[in-house]
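We count ligands from 1, going down the list as the structure has it; atoms in each ligand are counted the same way.
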Amino acid sequence: MDAVVAAVRCRPLTTLERDSGCRNAIEFLPQTNQVLVARERAFSLNHVYSEDATQKEIYDTLVDPVVEKVMKGFTACVMAYGQTGSGKTYTMGTKVKAPTPGIVQKALERIFSSSGNFEVHVSFLEVYKEEVLDLLSPEKKKMHLVEFKPVGLTLKKTGTMEVALSEMEKGLKNRHVGATNANLHSSRSHAVFTIHFSNLTEDGRCSSKLYLVDLAGSESVSEMSGDTRKEGVMINKGLLQLGNVMSALSSSDHVPYRNSALTTVLKDTLSPQNYVVLIACISPLETDASMTVNSLQFASRVRSIKGNPEAGLLIKQRNPIMTPFKVPSNFKRAVNSTIATPGSHGKVTRPVLRPFNNTFSSPGTPRVNQKKQENLWPTSTPFLTAKPLCADPTPILKVNAGRSVKRRSSSEWDSLNISSSTIIDATATQVKAQAEVNQTSLVQNAENETWLRSVIADVIREELRNTFLSQTRVQDGLSPPKQPRRSARLSMARQEGPSFFEHDGNTTIMSSSPKEKKIVTNSEVSQSNPVRKSIGPVRRSTRLSVAPKPLYFADSPVKQNLKVTKQTKKAARLSTRLSMLPKATSGNAQSHMNNYVLEILQSGNIKKLQSLPTIGPKTAVIISNHSLLHGPIKSFKDLVNVRGLSVNFRKRFLWANNIILEDDLDETASS
Ligand SMILES: Nc1ncnc2c1ncn2[C@@H]1O[C@H](COP(=O)(O)OP(=O)(O)OP(=O)(O)O)[C@@H](O)[C@H]1O
């Protein structure tokens, strides 16, 4: 059987739809596994099921082979995708008291009817507004994702099919359901019911999982308002990212699993090394043809993924000890959120020094609750860490890479003249720079540990001095000196110039300000501090952070304050696009301009359409699908009739493209 299978199932017309004269716009060509939408667009998939197909037929031909594979140790996923009200929940059977047993019920029946020594656990979660909720926990707790896995997800051991189904029904009562235009009981979240199967053989335990996913319906949010609209936006976001993951899997690109909660949760299973079955559920209505085309495009994309689960299983068997490095979940979260650099979502793998907690957090990263961080440090972590110095007078310096944690003895600290616990806020840019410079080399070179200690001791001494001075001021009845804010301190440091040293191989420039720059040779440096000799060149980011402001800012004071926001970027893009379009100066030129834009609209070419302002990839697809199904757009007025575009789209489009219509002028004049 194929590793990745894409199928389509069409629901029948309801009695109401038939009575109101709706026509079926879908035709099936079962011999060639093709489906034809509105007699215009044909899609070829692995299986096609017309409205007459039964639940049993779908399970037997599509899902049963996958369940067999799961019982042999493979991981698999069966997903129902489609617009709202197209029959996803019906097909999967994820409904309380489902009228006909769906895929979930039949898969459980198949598993529990098999003989052998095995264990089954089930879990049930939903992704609602980008949050992952455990449906089997009584309080429906929100879960955090660590290493792509929801931490603390409830697993229920089930010995019979009835118990497993009752667990699912319990979870379904917790699921978010609401009414939409298309469905009175519409699922407003993506539901993931997972069967964890463990085969207890003589050789040991062989575990696998079957993910049964009832996705929320893709929908056009332009006709929605309030909370439903917000839900719709989130649903579409998850589905869009799912589409991106599928595209990346089919083209062997980087797979952006982390871009949404849904794809993060499904990361384990959405891989060419697993079995994936996608059922695109479609509506037969002519009015839904555009959404149907979208669903079938998604299914075609999935179909093009080439998988090899046999190889995946081989890898799994060859590497049985793949247990990941385990650290407390909240520890990982704390560390990841603190040291992440802006724009990066990846796990931090390099050693990181954080001697002064929160002081040098990078812009945009949330600060971590200091109380929470206490006692979170495991004895062996891949991070080089120093415990926040504020709470403890004997800071712990942990240096990893196989070394044990070293705690400074009290006599050592006495020799540093540190007498009491002090709140240390590392005000010196020097420490940040030195710490960053030595992040890597510190781990590799044990000598540097001594140097780091001396740096920290320097700062502690400095801070003690400041504290002492401020205390004296208080005793003398004076208010303590105010500490400038971190941003102010950084900018002051930048203006002063490098307050640290630069290293260029032979010489080291040491200076406290640009005025008193002193160049010393390496030998001098090593005499004064033998450890510094082994320090590598200063990182570029560090040099930039301490460098004086660029000179060209001096000539243009306005530039200095200019913030590049999203809006300014967008405005700049828009003006560039506009400048590329021909300018309408006279009446003749205006009509020329109108025709030019209309021609692009009529072309229905997605790439060309996107060259017009206000048309992005999504709008381009909507217009292109409209042209395919209803013929090319005849005039700008037709934009109002394109399903999926917002009410104000035409107005915005005309304005942005410099289009002035005579009718509009007449209207404006009369009003
Ligand atoms: N193949 C089918 N045969 C008979 N009835 C069907 C079929 N598919 C769907 N239906 C009916 O259509 C209605 C909508 O189906 P369902 O709730 O499964 O849609 P959905 O895609 O899950 O919608 P949503 O995304 O809003 O949750 C239900 O009343 C269901 O019974």
Q: Before signing off on this row, confirm whether K95 and ligand 1 have an N or O atom pair separated by under 3.5 Å.
A: no

Q) For ligand 1, which atoms, with element, lie under 4.0 Å from some heavy atom of S86? A) 19 (O), 20 (P), 21 (O)

**Q.** Atoms in ligand 1 with a heavy atom of G217 nearer than 4.0 Å
**A.** 25 (O)

Q) Does any N or O atom in C10 lie less than 3.5 angstrom from one in ligand 1, N or O only? A) no

Q) Would you say the side-chain atoms of S247 and R301 include a donor-acceptor pair closer than 3.5 Å? A) yes

Q. Is the closest N or O pair between G85 and ligand 1 shorter than 3.5 Å?
A. yes

(Q) Check for me whether G82 has a heavy atom closer than 4.0 Å to any atom of ligand 1. (A) no

Q.
Just to verify, which of H176, R175, H190 counts as forming a side-chain hydrogen bond (donor to acceptor under 3.5 Å, both in side chains) with E126?
A. H176

**Q.** Close-contact set for ligand 1 against S187 heavy atoms, below 4.0 Å
**A.** 24 (P), 26 (O), 27 (O)

(Q) Applying side-chain hydrogen bond (donor to acceptor under 3.5 Å, both in side chains) to T154 and D134, what does each step give before you reach the verdict? (A) CA-CA 7 Å; T154 312; D134 184 359; 2.4 Å; yes

Q) What part of P12 sits under 4.0 Å from ligand 1 if we count only heavy atoms: the side chain, the backbone, both or neither? A) side chain

Q. So is there a nitrogen or oxygen of R11 less than 3.5 Å from a nitrogen or oxygen in ligand 1?
A. no

Q: Give a yes or no on this: more than 12 heavy atoms of other residues, nucleotides or ligands lie within 6.0 Å of atom NZ of K608.
A: no

Q. Are K56 and D64 ion-paired here, with the side-chain N under 4.0 Å from a carboxylate O?
A. no

Q. Is the shortest heavy-atom distance from the side chain of F193 to the side chain of D214 under 4.5 Å?
A. no

Q | Sub-4.0 Å atoms of ligand 1 with respect to non-hydrogen atoms of Q83 | A | 21 (O)

Q) Residues two or more places apart in sequence or in another chain: which of them pass salt bridge (Lys or Arg N to Asp or Glu O under 4.0 Å) with E130? A) K237

Q: For ligand 1, find out whether one of its N or O atoms is nearer than 3.5 Å to an N or O atom of D214.
A: no

**Q.** Salt bridge flag under 4.0 Å for residues K170 and E167
**A.** yes

**Q.** Non-hydrogen atom of R9 closer than 4.0 Å to ligand 1
**A.** yes

Q. Which atom pair, heavy atoms only, marks the closest approach of L249 to P272?
A. CD2-CD, 3.7 Å

Q) Would you say Q55 contacts ligand 1, with heavy atoms under 4.0 Å as the rule? A) no

